[in-house]
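Shown next, in structure tokens, is the structure this report addresses.
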Amino acid sequence: MPPCSETSVLLLPMVERCITLLQTHGVSSLTKLRQIHAFSIRHGVSISDAEMGKHLIFYLVSLPSPPPMSYAHKVFSKIEKPINIFVWNTLIRGYAECSSNYASVSAVSLYREMKVSGLVEPDTHTYPFLLKAVAKMADVRLGETIHSVVIRSGFGSLIFAQNSLLHLYANCGDLSGAYKVFDKMPEKDLVAWNSVINGFAENGKPNEALALYTEMNSKGIKPDGFTIVSLLSACAKIGALTLGKRIHVYMIKMGLTRNLHSRNVLLDLYARCGRVKEAKRLFDEMVDKNSVSWTSLIVGLAVNGFGKEAIELFRDMESKEGLVPCEITFVGILYACSHCGMVKEGFEYFRRMREEYKIEPRIEHFGCMVDLLARAGQVKEAYEYIMKMPLQPNVVIWRTLLGGCTVHGDAELAEYARLQILQLEPNHSGDYVLLSNMYASEQRWSDVQKIRKQMLRDGVRKVPGHSLVEVGNRVHEFLMGDKSHPQSEEIYAKLKEMTDKLRLQGYVPQISNVYVDVEEEEKENALVYHSEKIAIAFMLISTPERSPIRVVKNLRVCADCHSAIKLVSKVYNREIVVRDRSRFHHFKNGSCSCQDYW
DNA sequence: CGCGTAACCA
């Protein structure tokens with residue numbers, strides 16, 4: 001380490017103290033730091049002083065994300081060689097904690113630079129940071145290479161090495177790889193459990209995540225904040241409100257409710273289960289909210305059909321100091337606009353996102369814009385928009401267009417969109433069903449037949465619709481035309497009564513939306529027996545008058561059921577919340593929160 | 001030391 005000048009020896013503790021003060025007070029002002037920096041240089045605490053550089057880098061890297069890495073790296077490059085291992089590690093950590101792929105690459109090249117210099121050897125702190133960066137890059141091969149270096153360096157038996165590898169596989173979506181590592185671990189600590197649970201929760205296997213949690217519980221391992229986040233996020237994804245609530249109670253018991261991450265995901269859980277009021281209450285009760293909290297509620301309001309409120313909340317967020325909307329916030333806002341028919345507003349927010357917030361639109365944002373146009377009936381414009389997009393349209397984009405075409409009856413464009421989808425993702429039943437429903441509504445029966453044959457030929461099976469309702473502690477499942485329930489007779493009597501009452505209110509069944517495999521003469525019956533209607537009839541006889549009814553459906557609610565449920569909410573004076581495949585409908589007093597625009 | 005929240009369609 002180079003010798004310090006006399007002044008710097010005297011000043012160093014003071015500068016250190018200033019930096020610590022900034023840190024402990026959470027002041028994230030780079031300007032203040034630069035002032036201290038300039039002051040210290042003026043007074044002889046040279047930037048080339050390794051100690052000073054070390055503190056600076058440590059401070060910079062510890063700033064709330066994203067840390068100013070270019071500045072930290074500049075300081076780093078001015079430090080005299082040889083560079084202390086702590087400094088290397090700190091800089092690698094900084095890059096590893098940035099969200100961008102570019103930063104992860106920098107972390108890896110920094111590590112290589114360190115190895116090449118040959119002056120210092122990586123230690124137990126280097127590898128976890130490095131592996132974290134590699135996991136973010138989702139580069140299995142590179143991860144495995146580094147892991148073998150870790151083993152050669154003699155760190156292989158350390159639990160962090162095994163956990164890092166486990167996390168790497170989980171982050172790359174290789175769940176069997178992750179589980180294999182987990183299974184072979186002689187000692188599984190809480191981090192290992194959390195990583196494997198989170199891997200399943202984040203890769204479309206929420207049920208498996210919950211099952212692993214049960215196993216963990218049986219081994220007497222107590223969950224922490226990390227576990228809670230993964231579990232609640234899994235619950236939110238499958239709409240398991242009852243289980244989510246149990247975890248909420250557990251959080252209160254264990255004193256885990258003060259954690260910001262946990263609170264944010266709790267808010268998301270309630271919003272995603274249609275409990276907007278609870279979500280709002282949680283939000284209002286939060287003392288410190290970060291932009292994730294705001295974004296979660298904005299998205300929550302948007303998917304529940306409260307687009308106007310979502311936008312109002314966004315205005316509040318903008319006026320709050322220090323909160324910067326991110327790309328996900330804008331997905332929520334654009335989603336709100338597209339699902340509420342606010343075409344002009346949507347384009348305005350898209351412009352502001354780029355110009356004011358300098359956010360480069362991703363495919364998700366373009367997807368919202370296509371949806372905005374297509375949903376509003378401007379399918380031709382949507383198609384032109386896709387053609388002019390700077391990004392390669394993906395399957396979601398085409399499916400959005402197809403959705404718009406089927407709703408607004410543009411057969412030509414619908415077929416074109418489906419051809420595009422077919423190339424990108426064959427064997428997706430939803431698209432066949434969408435198209436065949438559209439043909440059915442136009443009485444183009446030969447085309448319906450054609451699609452049906454294609455489905456048979458391609459071995460595509462449509463997912464049967466089902467609805468879930470909860471009474472007490474039990475979940476009841478109903479399929480279309482289901483008669484397997486013990487109270488079936490009662491339910492069907494209620495269903496008949498329901499239909500008669502609705503007819504008096506002017507309800508006319510719309511039979512165009514019936515699935516392809518239902519015979520013509522059965523259509524009206526099949527509609528009457530759609531699973532959500534059966535589920536609602538069951539709830540009408542099983543729950544006290546005026547109590548709200550919640551239904552979770554695996555598919556989209558059809559137009560006929562939608563208009564029927566609106567009337568049910570009025571005739572029976574019930575608030576009915578239906579969770580669709582992708583959004584919520586809040587029925588009350590004969591109308592729905594989506595205002596028939598969904 | 002290593003594990004954490006929010007995202008376009010259906």
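Chain letters run A, B, ... following the sequence lines, proteins first and then strands; every chain starts at 1. Not measured: the values here are computed from a predicted model.
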Using a heavy-atom cut-off of under 4.0 Å over every strand shown, decide if [X] touches base, sugar-phosphate, or nothing.
X      : result
A:I363 : base
A:R272 : sugar-phosphate
A:L401 : nothing
A:T329 : nothing
A:V292 : base
A:Y127 : nothing

Give a yes/no on whether any side-chain N or O of [X] is located under 4.0 angstrom from OP1 or OP2 of [N].
X      : N     : value
A:K237 : B:dA6 : yes
A:S233 : B:dA6 : yes
A:H167 : B:dG2 : no

Using whole Å, what does the distance between atom [atom2] of nucleotide [N] and atom [atom1] of [X] come to?
X      : N     : atom1 : atom2 : answer
A:M317 : B:dA6 : CE    : C1'   : 11 Å
A:W193 : B:dG4 : CH2   : P     : 17 Å
A:R263 : B:dA6 : CZ    : P     : 17 Å
A:L232 : B:dA6 : CG    : P     : 11 Å
A:L168 : B:dG2 : CG    : P     : 15 Å
A:L267 : B:dA7 : CG    : P     : 11 Å
A:F160 : B:dC1 : CZ    : P     : 12 Å
A:L260 : B:dA6 : CG    : P     : 13 Å

Answer yes if the side chains of [X] and [Y] hold a donor-acceptor pair under 3.5 Å, and no otherwise.
X      : Y      : value
A:D224 : A:T227 : yes
A:K180 : A:S176 : no
A:Y169 : A:E144 : yes
A:Q420 : A:Y416 : yes

Out of [options], which nucleotide sits closest to the side chain of [X]?
X      : options              : value
A:R375 : B:dA6, B:dT5, B:dC9  : B:dC9
A:V331 : B:dT5, B:dA7, B:dC3  : B:dA7
A:P128 : B:dG4, B:dA7, B:dG2  : B:dG2
A:N163 : B:dA7, B:dG2, B:dT5  : B:dG2
A:N394 : B:dG2, B:dC8, B:dT5  : B:dC8
A:C368 : B:dC8, B:dG4, B:dC3  : B:dC8
A:E327 : B:dA7, B:dT5, B:dC3  : B:dA7
A:N198 : B:dG2, B:dG4, B:dA10 : B:dG4
A:S195 : B:dC3, B:dC1, B:dA7  : B:dC3

Taking [X] first and then [Y], would you say they form a salt bridge - that is, a charged N and a carboxylate O separated by under 4.0 Å?
X      : Y      : answer
A:E309 : A:K280 : yes
A:K245 : A:E278 : no
A:R351 : A:E348 : yes

### Task
Confirm from the modelled atom types if A:D189 and B:dG2 form a donor-acceptor pair under 3.5 Å, side chain to base only.
yes

### Message
Is it the case that the base of B:dG4 and the side chain of A:N259 share a donor-acceptor contact (distance under 3.5 Å, atom types as modelled)?
### Response
yes

### Query
In residues 335-345 of chain A, which ones come under 4.0 Å of DNA chain B, going by heavy atoms?
A:Y335, A:H339

### Task
Using the six-membered ring for Trp and the full ring for Phe, Tyr or His, decide whether A:F226 stacks on the six-membered base ring of B:dC3 (centres under 5.5 Å, planes under 30°).
yes

### Message
Under the ring-ring contact (aromatic ring centres under 6.0 Å, His included) test against A:F350, which residue among A:Y357, A:F330, A:F366 passes?
### Response
A:F366

### Message
A:T295 and side-chain hydrogen bond (donor to acceptor under 3.5 Å, both in side chains): which single residue from A:T329, A:N264, A:N290 fits?
### Response
A:T329

